2 protein chains.
Amino acid sequence: MAKQLDESGTASRILDVAEELVQTRGFDGFSYAHVAVELGVTSPSLHYHFGSKAELGEALIERYAARFLEALDGIERDGADSLAKLGAYARVYGDVLRRRRMCLCGMLAAGYDTLPEKMRDAVIRFFDENERWLARVLEEGARDGSVAFGGDARDVAQSIISGLEGAMLVARPYGDAARFDVAARRILDGLVKRR
Amino acid sequence: MAKQLDESGTASRILDVAEELVQTRGFDGFSYAHVAVELGVTSPSLHYHFGSKAELGEALIERYAARFLEALDGIERDGADSLAKLGAYARVYGDVLRRRRMCLCGMLAAGYDTLPEKMRDAVIRFFDENERWLARVLEEGARDGSVAFGGDARDVAQSIISGLEGAMLVARPYGDAARFDVAARRILDGLVKRR
DNA sequence: GTCTATAGGCAGATAGAC
DNA sequence: GTCTATCTGCCTATAGAC
């Protein structure tokens, strides 16, 4: 019973539908009408919950980022070694793709130029937070010896994020999750101590 | 004086403007009106050259893919070793990004679900052709010893494409080409013979 | 080839009844 | 909270004059 439950049931159902639409069609490819039809209501009623499309978009990213970071917390708590954590991290992306969706923020990154400013900031924040989490895990892995890499952990973290986002981006048109898995595996293999 | 010059000057100027718009705003984020304003004409006149937005989109991909493959032919002809060719390949992507654009087909891959079918097919073709080219270079590199990798060359090729597409996707919101360069470098470094 | 005029639809958003 | 009605604007596309 925490902060994220101050949304009425309707608001969160709106977010559910809008989230799927944005993840599959992009922010410029969905409308209030799409959401309304899916929910069996009229579009003006959506405006009661989210005054503008920009507000809806902001709420979308906020919830997505919060859940994403929660998942990362869960990985953290599992107490496995760092390499296993990186594997679990990649699996979070893979799970999104297996539901035939693009990462919400990856999708928004594509249409970045057309986004309202607050949404832009939130997208950047999402990537920054992911980068911080990954860099921490990487440095921990370098200490405990489960991971090996040259250069700055931040740079490696950025490469992992962009590698996984790109793997989702390209795998989706093919409708082929295995394509993602292969790319993800190669990214992780590059972080294993070289024998 | 070849096949690609059967377009009137106007048609190719339309393609120029539309290309930039799609690469920065996505297919659902640009309109005939945007192009028309930029060219100082009215939108109906665009319909004379490209009957529908779908046709314009198809022509866009066709020209982009043709030029892209030409660039790859140029790399091929330079006769450097395979690792150098892969570096040049990555630079093609980097050059696009430095013009503040996303790869046209990477952008279209994001909005894939909203594309007309012929455009979808053309996007897939683009990736397939890139994969073929890369796999050939990788196999050549494995033979001449300039490149080292485990597993299938096709899988490695796919990973390179998705890695570079993702690096562009994420670097663009940050307006930071260096971010791309770092990720691209790490991809290439993973293909250098391990000492 | 490019224009004006216009059709017909869908977008995001607001007003006001219930 | 959700509805109907409506506004304004932009969209793709066509007809027909020049």
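All chains are named by letter (A, B, ...) in the order of the sequence lines, taking the proteins before the strands, and each is independently numbered beginning at 1. Computed from a prediction, not measured in an experiment: that's the story for all the values here.
- Contacts of B/Ala80 classified as side-chain contact (heavy atoms from CB on, under 4.5 Å), with partners at least two apart in sequence or in another chain: B/Ala84.
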Discussion item. So if I define the base as every atom that isn't primed, P, OP1 or OP2, how would nucleotides 4-18 of chain D read as a B/S/- string at a heavy-atom cutoff under 4.0 Å?
Written reply: BB-----SSBB----
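- Annotation: salt bridge (charged side-chain N to carboxylate O under 4.0 Å, His left out) contacts of B/Arg179 (sequence neighbours excluded): A/Glu131.
- In this view, A/Glu38 and A/Val17 satisfy the side-chain contact (heavy atoms from CB on, under 4.5 Å) rule, not counting sequence neighbours.
- Here C/dT2 presents its P atom at 10 Å from CG of B/Leu39, a figure rounded to the nearest Å.
- Under the side-chain contact (heavy atoms from CB on, under 4.5 Å) criterion, A/Arg172 pairs with A/Thr24, A/Leu97, A/Met102, A/Met107, B/Asp113, not counting sequence neighbours.
- The side-chain contact (heavy atoms from CB on, under 4.5 Å) check on A/Pro116 picks up A/Phe27, A/Ala54, A/Met119, with sequence neighbours excluded.
- Distance B/Tyr48 OH to C/dG1 C1': 6 Å, rounded to the nearest Å.
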